[in-house]
Amino acid sequence: QVQLVESGGGLVQAGDSLRLSCAASGRTFSYLSAGWFRRAPGKAREFVAAFTWTSNTDYADSVKGRFTVSRDNAKNAVYLQMNSLKPEDTAIYYCAATYSGGTFYKPEDYGYWGQGTQVTVSS
């Protein structure tokens, strides 16, 4: 079974950058699609970015031009590079994986989840 572990969160100031990592075990990301979601205080979990097993990427409008999702097949990991962070980016960030070949924008599209990593952006 797939196990996912996120890391790289922290407390930063507006304009700073962070790189989140999602390491997988049990299966390779070469045969999985990966997604990043976030849950801000008082809000529902929302789609951030996806990297499909066919190497397509997609982003929420709120992060386009600032965030970049990538995959390293050799390390069996997916990354989310977050630049120009804003206070509204403050949330718990989750990585997810699925064998599905459908869409990648809803939590229901994913069967495997990490435990999340906190990102807090001040000012």
Side-chain angles (χ1 to χ4, degrees):
Q1 297 183 353
V2 178
Q3 305 276 356
L4 303 176
V5 179
E6 304 98 331
S7 62
L11 174 62
V12 299
Q13 294 183 332
D16 286 352
S17 298
L18 283 173
R19 190 183 76 156
L20 305 183
S21 299
C22 179
S25 62
R27 297 291 187 277
T28 174
F29 273 123
S30 295
Y31 298 99
L32 293 166
S33 296
W36 286 96
F37 290 78
R38 66 187 182 186
R39 182 174 63 83
K43 295 185 177 181
R45 186 165 47 183
E46 67 172 339
F47 171 79
V48 176
F51 196 111
T52 73
W53 73 278
T54 55
S55 299
N56 297 123
T57 61
D58 201 4
Y59 300 90
D61 289 341
S62 59
V63 306
K64 286 181 179 177
R66 300 188 298 120
F67 291 10
T68 303
V69 63
S70 61
R71 182 182 70 196
D72 188 330
N73 291 335
K75 296 182 179 180
N76 202 27
V78 172
Y79 306 96
L80 184 67
Q81 178 67 45
M82 306 186 296
N83 298 328
S84 301
L85 283 163
K86 304 175 180 179
E88 51 263 43
D89 295 319
T90 296
I92 301 174
Y93 284 73
Y94 301 88
C95 68
T98 181
Y99 288 107
S100 174
T103 58
F104 310 96
Y105 311 120
K106 299 185 296 184
E108 305 92 280
D109 296 324
Y110 296 86
Y112 305 96
W113 292 86
Q115 295 302 305
T117 184
Q118 178 70 49
V119 173
T120 303
V121 185
S122 65
S123 71

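It should be emphasised that the depicted structure is a prediction, and the values quoted were computed from it without experimental measurement. Note that the numbering runs from 1 along the sequence shown for the chain.
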Would you say [X] and [Y] are hydrophobically clustered, going by side-chain heavy atoms of ILVMFWY under 4.5 Å?
| X | Y | answer |
| --- | --- | --- |
| W113 | I92 | yes |
| Y94 | V119 | no |
| Y99 | F51 | yes |
| V69 | V2 | yes |

Qualifying disulfide bond (SG atoms under 2.5 Å apart) pairs, either residue in residues 7-122, two or more places apart: C22-C95
Determine, stepwise, if the pair W53 / L32 fulfils side chain to side chain contact (heavy atoms under 4.5 Å, CB included). CA-CA 5 Å; W53 73 278; L32 293 166; 5.8 Å; no
Test ring pair (Phe, Tyr, Trp, His ring centres under 6.0 Å) applied to F47 - qualifying residues, sequence neighbours left out: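 For F47, the residues satisfying ring pair (Phe, Tyr, Trp, His ring centres under 6.0 Å) (neighbours in sequence not counted) are F37, Y105.
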Report yes if the side chains of [X] and [Y] come closer than 4.5 Å at any heavy-atom pair, otherwise no.
| X | Y | result |
| --- | --- | --- |
| S70 | Q81 | no |
| Y93 | T117 | yes |
| K43 | P41 | no |

Side chain to side chain contact (heavy atoms under 4.5 Å, CB included) partners for A34, two or more places apart: F29, V78
Residues forming a side chain to side chain contact (heavy atoms under 4.5 Å, CB included) with D61, sequence neighbours excluded: K64
Should the pair F104 and Y110 be assigned to parallel (<30°), tilted (30 to 60°) or perpendicular (>60°) ring geometry?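 If you compare the ring of F104 with that of Y110, the planes turn out tilted.
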Applying salt bridge (Lys or Arg N to Asp or Glu O under 4.0 Å) as the test, list every pair that has at least one member in residues 87-112; sequence neighbours left out.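 Non-adjacent pairs meeting salt bridge (Lys or Arg N to Asp or Glu O under 4.0 Å): R38-D89, R66-D89.
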Going by salt bridge (Lys or Arg N to Asp or Glu O under 4.0 Å), name the pairs with one or both residues in residues 67-84, residues two or more places apart or in two chains. none
Please give me the minimum heavy-atom distance between [X] and [Y], naming the atom from each residue.
| X | Y | value |
| --- | --- | --- |
| S123 | P87 | C-CG, 3.3 Å |
| V121 | T90 | N-OG1, 2.9 Å |
| E6 | G116 | OE1-N, 2.8 Å |

Report the distance from atom CG of L85 to atom OG of S122, rounding to the nearest 0.5 Å.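 Between atom CG of L85 and atom OG of S122 there are 10.5 Å.
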Would you give the length of the straight line joining atom CG of D58 to atom CG of N56, rounded to the nearest 0.5 angstrom?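 Nearest 0.5 Å value for the CG-CG distance: 9.0 Å.
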What pairs of residues pass the ring pair (Phe, Tyr, Trp, His ring centres under 6.0 Å) test when at least one of them lies in residues 55-90, not counting sequence neighbours?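 The answer is none; no pair qualifies.
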S17 vs R19, side chain to side chain contact (heavy atoms under 4.5 Å, CB included): CA-CA, chis, key distance, verdict: CA-CA 7 Å; S17 298; R19 190 183 76 156; over 6 Å; no
Counting only heavy atoms not in R39 (residues, nucleotides, ligands), do more than 12 fall under 6.0 Å from its CZ?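 Check fails, neighbour count at 12 or below.
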Between N76 (side chain only) and A24 (backbone N and O only), is there a donor and an acceptor less than 3.5 Å apart? yes
For the side chain of T52 and the backbone of S33, is there at least one donor-acceptor N/O pair under 3.5 Å apart? no
Residue list, side-chain hydrogen bond (donor to acceptor under 3.5 Å, both in side chains) with [X], at least two apart or on another chain:
| X | value |
| --- | --- |
| T120 | Q118 |
| Q13 | none |
| T68 | none |
| Q3 | none |

With ILVMFWY side chains joined below 4.5 Å, transitively, what does L11's cluster contain besides itself?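 Once heavy-atom contacts under 4.5 Å are chained together, L11 still belongs with nothing else.
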